[in-house]
Amino acid sequence: MAQLTPQSLEISSDALESSTSANAETIIGLLRKEIDTSNYDYYVLDDPKIPDIDYDMLFRALEAWENKFPQFKDSHSPTQRVGGERLSEFAPARHSRPMLSISNAFEDEEAGEFDAACRKKMGFLEGEELEYCVEPKFDGLAISLTYEHGLFTRAATRGDGEVGEDVTANVRTIKAIPMDLRGALGNPLPARLEVRGEILMHRKDFARLNERQRAAGEKEFANCRNAAAGSLRQLDPRITATRPLRFYAYALGECVGTPIHQSHMEALEWLKGIGFASSGLATVQKGLGGVLAARKVIGDQRATLPFDIDGVVYKVNAYNAQEKLGFISRAPVWARAHKFPPEEVATLLEGWAVQIGRTGVATPVAKVKTVFVGGVNVSSITLHNFDEVAKKDVRIGDTVIVRRAGDVIPELARVIFERRPEGAQPIMMPSQCPVCGSAIVKIEGEAAARCTGGRICGAQKTQAVEHFASRRMMDIDALGGETVNLLFEHNVIADSSDLYALDVEKLRALPRFGEVSVQRLLRNVEASKGRDLRRFIFALGIPNVGESTAKSLAKTFGSIEALMQASEQDFQRVNDIGPVGAKSLAAFVSDPDNIAFIQRFIDRGARPTDAAMTPVSATPALGKTFVITGTLPSLSRDDAKAMVEAAGGKVSGSVSKKTDWVLAGAEAGTKLTKAQDLGVPILDEAAFLALLSAPVASDEEQSVETDSELPPEPENATPVASGELVGQGDLFGAPDAIPAQPAPKSRPRM
DNA sequence: TTACCTCGAGCTCA
DNA sequence: CTCGAGGTAA
């Protein structure tokens, strides 16, 4: 391939005048390739080969050619890396495979336990050793990149692991990330390839950025990670484009039609080969001795690496072994992050306070002289409980060692007793609640001390409302702690049921609460009226009633009225509810205050309904059997399953003659083929939603999500495969659907 | 727990 | 323009 030198560029710029589109395409291709290579040298290899001035010349030449021949413009061209239109928000992006987190180890013993557990599950004998890949644990932000037919199509943050945020526009500006893998991948191109890795900032680049920020009078960033996170979260990609972000790939996610690798290390090598940056630090090791040695090698280089790391990651190298080891509760059994010991800093314990939680638990919090540790300023540290305080013998005026353990939470490691001043006062459990004055008692055998004030305690009252409004409960957007306090202080509300009887004039009279805030609150409260029963029960904050209990209760009783009528025996009989839960429920429903409280909700129009108990006779799905296969564009399988069950249908695992419908998403497998063979009707997500949109909007939230994901014209929805296209119900006009907010967001599921 | 981005509110100054 | 709230990330 001819090298495109500045000299040949001159020729090409002469040629620009007289060129035809035939050779224009060739020249544009050469220019793009040259610029991509130069970006690769600079941002991936960290080894620039041409001077900046030549790079600029190439870049301007490409722009000129693309402008003259706009038919060859391409979103994957390097000229598109300058950042596009400003976004108004980041769209939700569902991961086709969940982005799991890796469990942590802090001590060498835990690494040993990890190795022992893996060997045991593999059935290894004494002396037999597993092979691990040891690599650095980058201190940045996890990101998932999707390539379709070699072209970059999407970048998503981790989010809750299921649904992240779509940051494609920002990631397009990161020159360390290739936009076009077609040259590197060879044929046949994988239909879809997901690359996972970490976006971070090099220390040098971070220092330079902060210099720039300082010069411009802007705020400096606290550390590399925050600078990278802040840069990626910009709604304006043009700002992101000016930030020196890098990317290191560390795993493959979904792969369709790509070369099959046998091991993690092979995959890493392959990623390096197709244009992704590699730390060069990953090695394959045998057994515990090997991984610990490799960790030391990486740890010794830590200070001189170009980027921050906070530990190493061990992964069982062979894919077949990984498969055998599998997962336990959303974390792979075959991987472990082994963190470096956290930085420890001494500071002065200047005072302390008691925090009263939603359930009255009194938590001591140490107030220390602010110290910079682990990349942030720490000034307040939870002491967990008074037993802990006594055990560590923490006193006011002590010099204490602070560290950021685990992921984020600052921890008081120990007291330096030698530095204790005379007469330092111990931290004692208060006998009275600082908020309401009620007695604080500690139940023998329990760690927690509790305020007995209950409903009269201001702290518990406000936090109960906060809890009620939170994302996982009634999801009343933009109603956070401070707003709740404001509402209490001005007597706008006395409990959460008052949210459904808000006095607009009182709201308008609140300080720092303009018309926009008033309308937003009213709208969000209104939208929460129809949350399903399970969330409502959970949101009430009944002691010992968590998410799963609330779910069972909703399923069993079907309405809040029925639940309030139930006896302790009734509760006992509910699946998964034991004597403790039943007692606490019985106490709740027999309390006249609670009965009145619930009645107010009902009177004020809250209508929590459980999808499973909604009359479903009108739904065509009633009593039908569905099979779900492949990845759906916006719903997870669990969502789809829940919706089917809500509509009175069943979900089964395999296709047979008894199957009524197959719901198929992307990369559907043999189930789809079988459905076609048997002539079972096949639905895509849009058709499925249409089918299920019965006269009753069973779940307001789902209809909001639907609005944001579906094309505006349901009749344009195309089935993914041949088969009968079924059901074109009214998706949008459900009678009591809440008007969609201007910018609906989908939420992580409960 | 802290840091960061974004937005609304409410201020100053033109 | 500054402040502070809410949301998100680790």
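Keep in mind that what you see is a predicted model, and the values were worked out from it rather than measured. Lettering of chains follows the sequences in order, A, B, ..., and the numbering in each one begins at 1. Below, each value reflects all heavy atoms present in this structure, side chains not excepted, and no hydrogens, waters or symmetry copies.
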Would you be so kind as to tabulate the donor-acceptor pairs closer than 3.5 Å made by side chains of residues 348-368 of chain A, with sequence neighbours excluded?
unit_1, atom_1, unit_2, atom_2, d
A/R358, NE, A/H467, ND1, 3.3

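Looking at A/E505 and A/R508, a side-chain N of the basic residue comes within less than 4.0 Å of a carboxylate O on the acidic one, giving a salt bridge. The pair A/R94-A/E162 meets the salt-bridge criterion, since a charged nitrogen lies less than 4.0 angstrom from a carboxylate oxygen.
Counting any heavy atom pair closer than 4.0 Å across all strands shown, A/R233 reaches sugar-phosphate atoms only and no base atom. Across all strands shown, A/E515 has heavy atoms under 4.0 Å from sugar-phosphate atoms exclusively, and none from any base. Looking at heavy-atom distances under 4.0 Å, A/G375 makes no contact with the nucleic acid at all. Nucleic acid contact class of A/A229 (heavy atoms, under 4.0 Å, all strands): none. A/N223 comes within 4.0 angstrom of nothing in the nucleic acid, heavy atoms only. The residue A/A142 sits close only to the backbone: its heavy atoms come under 4.0 Å of sugar-phosphate atoms, none of a base.
Between A/T483 and C/dG6 there is a side-chain polar atom (N or O) within less than 4.0 angstrom of OP1 or OP2.
With ring centers used as reference points, A/F276 lies 6.0 Å or more from A/Y250. With ring centers used as reference points, A/F468 lies under 6.0 Å from A/F601.
Note on ring orientation: taking the six-membered ring where Trp is involved, the planes of A/F138 and A/Y248 are parallel (angle under 30°, cut-offs 30° and 60°).
Using a 4.0 Å cutoff on non-hydrogen atoms, no part of residues 344-369 of chain A comes near DNA chain B. Of all the residues in residues 379-393 of chain A, A/S379, A/S380 reach under 4.0 Å from DNA chain B with at least one non-hydrogen atom. Contacts of residues 204-212 of chain A with DNA chain B (heavy atom under 4.0 Å): none.
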Go through it in stages, so that I can follow the logic: the residues are A/E194 and A/S144, the test is side-chain hydrogen bond (donor to acceptor under 3.5 Å, both in side chains), and I'd like the CA-CA distance, side-chain angles, deciding distance and then a yes or no. CA-CA 7 Å; A/E194 185 195 350; A/S144 147; 2.8 Å; yes
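Sequence order on DNA chain B of the closest nucleotides to A/N226 and A/Q234 puts A/N226 first from the 5' end.
Where DNA chain B meets chain A (any atom under 4.0 Å from a heavy atom), the bounding nucleotides read 5' to 3' are B/dT1 to B/dG10.
Here A/R203 pairs with A/D308 under the side chain to side chain donor-acceptor pair (under 3.5 Å) rule; sequence neighbours left out.
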